Amino acid sequence: MQETPERLLIIDDDEMFCHVLDRAMTRRGYEVVVARDAQEALSLARQHRPTLATLDLKLEHESGLQLLPELLEVVPECRVVILTGYSSIATAVEAIKLGAVNYLCKPADADEVLAAFNKHDGDPQIEVADQPPSINRIAWEHIQKVLQEHDGNISATARALGMHRRTLQRKLQKRPVRR
């Protein structure tokens, strides 16, 4: 008797990334469905009951962190890996607290995604940076933390940081600063 393939839900607004990951995972024997926003993701989750999901942290008009608990309410057995080009310590911690099994920085290939789904234990041998993060990286992390504390509300975050809302929006549109 043939085993049913695992079902993977890819939730990302980057069309090219979705296409590449879809093809790679399909070749590896996964049954794949793709959603571009929260509403489509929840609908597909109800319909297909995925066992695995990748969730982009920053969807076009939505936060993956806000979608995560809703997704797990629909399919509690689903193992979710957060993928993002906008990584921060604050969002990584929140993603795990909200039920994600792992958190990966983009770009990530199919093998890295599969490894993230299957990694259950921490690695005490992981390399610790020789240098502390740069001031720019610390500022980026602080902005992300305050943004998270204000549930993604740009105006409230700008007030809390003492900066103009448009300045904050410009900072958030840039890629995170490397260590």
Side-chain angles (χ1 to χ4, degrees), residues 4-119 140 143-144 147-148 150-157 165-166 168-176:
T4 307
E6 285 203 77
R7 291 176 300 284
L8 170 66
L9 172 58
I10 299 171
I11 309 164
D12 203 303
D13 56 0
D14 181 336
E15 191 173 330
M16 182 56 73
F17 177 79
C18 289
H19 176 71
V20 170
L21 188 58
D22 180 353
R23 284 187 53 200
M25 298 304 259
T26 299
R27 273 188 253 145
R28 287 168 172 80
Y30 291 82
E31 185 181 299
V32 180
V33 291
V34 177
R36 298 281 188 325
D37 60 42
Q39 185 176 354
E40 185 180 16
L42 293 172
S43 175
L44 288 172
R46 284 183 192 93
Q47 184 179 353
H48 293 279
R49 310 294 302 170
T51 52
L52 305 171
T54 61
L55 174 56
D56 189 10
L57 180 68
K58 189 175 181 183
L59 298 168
E60 190 167 335
H61 300 291
E62 299 153 316
S63 163
L65 288 181
Q66 291 174 336
L67 174 56
L68 181 56
E70 295 177 61
L71 180 63
L72 290 173
E73 189 174 307
V74 172
V75 279
E77 68 282 359
C78 187
R79 296 177 44 221
V80 181
V81 169
I82 298 289
L83 293 172
T84 184
Y86 298 87
S87 64
S88 75
I89 293 168
T91 57
V93 168
E94 290 305 314
I96 299 305
K97 284 181 180 179
L98 291 169
V101 297
N102 220 320
Y103 182 101
L104 288 179
C105 299
K106 288 181 180 176
D109 64 28
D111 292 331
E112 291 170 310
V113 171
L114 287 174
F117 281 121
N118 296 317
K119 187 168 183 188
W140 170 263
I143 288 170
Q144 294 298 315
L147 182 63
Q148 193 61 37
H150 290 89
D151 298 320
N153 183 312
I154 301 291
S155 295
T157 302
R165 183 181 50 79
R166 279 188 248 132
L168 177 59
Q169 286 175 317
R170 277 195 301 276
K171 287 179 179 281
L172 290 171
Q173 288 181 350
K174 295 179 182 176
R175 290 262 182 212

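Note that the structure is a prediction, hence the values are computed from the model and not measured. Heads up: numbering here begins at 1 and tracks the sequence.
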Colleague: Quick check for you: to the nearest 0.5 Å, what is the distance between D14 atom CG and H19 atom NE2?
Modeller: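 Reported value, rounded in 0.5 Å steps: 12.0 Å.
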Colleague: Hey, does V75 have a side-chain heavy atom less than 4.5 Å from the side chain of P50?
Modeller: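 Contact flag for P50/V75 side chains = yes.
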Colleague: Hey, could you give me the CD/CG distance between E73 and L42, rounded to the nearest 0.5 Å?
Modeller: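 Rounded to the nearest 0.5 Å, the CD-CG separation comes to 9.5 Å.
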Colleague: Between T91 and S88, does a side-chain hydrogen bond (donor to acceptor under 3.5 Å, both in side chains) hold up when you go through it step by step?
Modeller: CA-CA 5 Å; T91 57; S88 75; 3.0 Å; yes
Colleague: Report the residues that fulfil side-chain hydrogen bond (donor to acceptor under 3.5 Å, both in side chains) with T26, sequence neighbours left out, ordered by chain and then residue number.
Modeller: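 Checked T26 against side-chain hydrogen bond (donor to acceptor under 3.5 Å, both in side chains); matches are D22.
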Colleague: Once you round to the nearest 0.5 Å, how far does CG of D13 lie from CG of L59?
Modeller: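 Going from the CG atom of D13 to the CG atom of L59 covers 5.5 Å.
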Colleague: When rounded to the nearest 0.5 angstrom, what is the spacing between CG in N102 and OG1 in T54?
Modeller: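 So the gap between those two atoms works out to 12.5 Å.
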Colleague: Under 4.5 Å between any side-chain heavy atoms of F17 and D56, yes or no?
Modeller: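 In short, these two side chains do not touch, never coming nearer than 4.5 Å.
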Colleague: Kindly compute the distance separating CG (L8) from CZ (R28), expressed to the nearest 0.5 Å.
Modeller: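 The CG atom of L8 sits 11.5 Å away from the CZ atom of R28.
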Colleague: Could you tell me whether the side chain of L9 reaches within less than 4.5 Å of the side chain of L71, counting heavy atoms only?
Modeller: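 SC-SC contact between L71 and L9 confirmed.
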Colleague: Is the CD atom of E15 crowded by more than 12 outside heavy atoms at less than 6.0 Å?
Modeller: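 Result for CD/E15: open.
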Colleague: Just wondering, are more than 12 heavy atoms of other shown residues or ligands nearer than 6.0 Å to CZ in R23?
Modeller: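 Atom CZ in R23 is not packed in, count stays at 12 or less.
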Colleague: Start with the C-alpha gap between L147 and I154, add the side-chain angles, then the distance that decides, and say whether side-chain contact (heavy atoms from CB on, under 4.5 Å) holds.
Modeller: CA-CA 7 Å; L147 182 63; I154 301 291; 4.0 Å; yes
Colleague: Going from CG on L104 to OG1 on T84, what distance comes out if it is rounded to the nearest 0.5 angstrom?
Modeller: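 Going from the CG atom of L104 to the OG1 atom of T84 covers 10.5 Å.
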Colleague: If the condition is side-chain hydrogen bond (donor to acceptor under 3.5 Å, both in side chains), which residues does E31 pass it with, not counting sequence neighbours?
Modeller: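 With sequence neighbours excluded, E31 shows a side-chain hydrogen bond (donor to acceptor under 3.5 Å, both in side chains) to no residue whatsoever.
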Colleague: Could you name each residue pair satisfying side chain to side chain donor-acceptor pair (under 3.5 Å) that touches residues 33-51, not counting sequence neighbours?
Modeller: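 Matches after skipping sequence neighbours: E6-T51.
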